[in-house]
Amino acid sequence: MRLEYFMLIDRVVRLDLGAGSITCEAKVPDNSTIFEGHFPGYPLMPGVLLIECMAQTAGWMLVAAHKLQRMPFLAAVKDAKLRSFVTPGQQLLTEAVLSHSGSGYAMTEASISCEGKLVCNADITFRLTGFPTPGFATEMRKRAEAIGLPISEALTND
Amino acid sequence: MSTTFDTIANIIAETCDIPRDSIKPESHAINDLGIDSLDFLDIAFAIDKAFGIKMPLEQWTQEVNEGKATTDRYFVLKNLSDRVDELVAAKGA
């Protein structure tokens, strides 16, 4: 994770477009300026960033499902539950499943676990649009490659 | 057996917390009921699930934006019900 850059997913562990699911790894950094304020003397991973981490997990699945031609933008977060504290240095497993693929939108269920224990979960809705700029699409492709999103599978999956 | 309109009206009432009695076949989802695009995603999701279809929202939006159709065609509820019936029929064809 690079919290300050909103790069929250380290690696895609598994992508199954047929089943509509993805699993990723994300390690909370030992140090971050964010922990200086959240909280002084008691560093915790902010809940909003856990939600963002779940959204990015589901988002990468949708990017792959749409063959890197469409960008999922966060539209709604429902029933978000932050079940336990997450602290610096913890290794997280993030997961998402596609619950509905609509026309121009998608509904997902996402969760994060740590050492086998559920940390948080939420139902997350995305709007899907074309990439607003070519440069944005290029950067997303680079990032997809960096985290090991199986692009070839995404491009051949029907 | 409930009609397509009844099912859609019940979905709207539950999703958007709108009194069921105020939802009429001639109601315009946006202009009369005040449903915004984000709330309409929840409605579309519930309709898709209820009828086993995928409403082509992007195509409808494009038609409206290009002046090929009015919003009435898709957002007046009796018309929306007709569109859903057409999609259900097309699925079974």
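Note on naming: letters A, B, ... go to the chains in the order of the sequence lines (proteins, then strands), and numbering restarts at 1 for each one.
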Can you name the residues of residues 32-42 of chain B that have some heavy atom under 4.5 Å away from a heavy atom in chain A?
B/Ser37, B/Leu38, B/Leu41, B/Asp42

Would you say A/Leu50 and A/Leu44 are hydrophobically clustered, going by side-chain heavy atoms of ILVMFWY under 4.5 Å?
no

Are A/Phe131 and A/Leu62 connected into the same hydrophobic cluster when the rule is that any two of I, L, V, M, F, W, Y join if their side-chain heavy atoms are below 4.5 Å apart?
yes

Cluster overlap B/Val88 with B/Ile11, hydrophobic side-chain contacts below 4.5 Å
yes

Residue by residue, scan residues 22-38 of chain A and write down, ordered by number, those that have a heavy-atom distance under 4.5 Å to chain B; if none do, write 'none'.
none

Answer yes or no: is there a donor N or O on one side and an acceptor on the other, between the side chain of A/Tyr105 and the main chain of B/Leu57, under 3.5 Å?
no

Atom group of A/Ser99 that falls short of 4.5 Å from chain B, counting heavy atoms
backbone

Does B/Glu66 have more than 12 heavy atoms from other residues, nucleotides or ligands lying within 6.0 Å of its CD?
yes

In terms of hydrophobic clustering (I, L, V, M, F, W, Y; side-chain heavy atoms under 4.5 Å; direct or indirect links), are A/Leu49 and A/Leu93 co-clustered?
no

Hydrophobic cluster membership, with links at side-chain heavy-atom distances under 4.5 Å among I/L/V/M/F/W/Y: are A/Val97 and A/Leu128 in one?
no

In this structure, are over 12 heavy atoms from other groups packed under 6.0 Å from A/Phe85 atom CZ?
no

Quick one: does any side-chain atom of B/Glu58 pair with a main-chain N or O of A/Ser103 as donor and acceptor, under 3.5 Å?
no

Within the supplied structure, the quantity of interest is the number of heavy atoms (other residues, nucleotides, ligands) at a distance under 6.0 Å from B/Lys78 NZ; does it exceed 12?
no

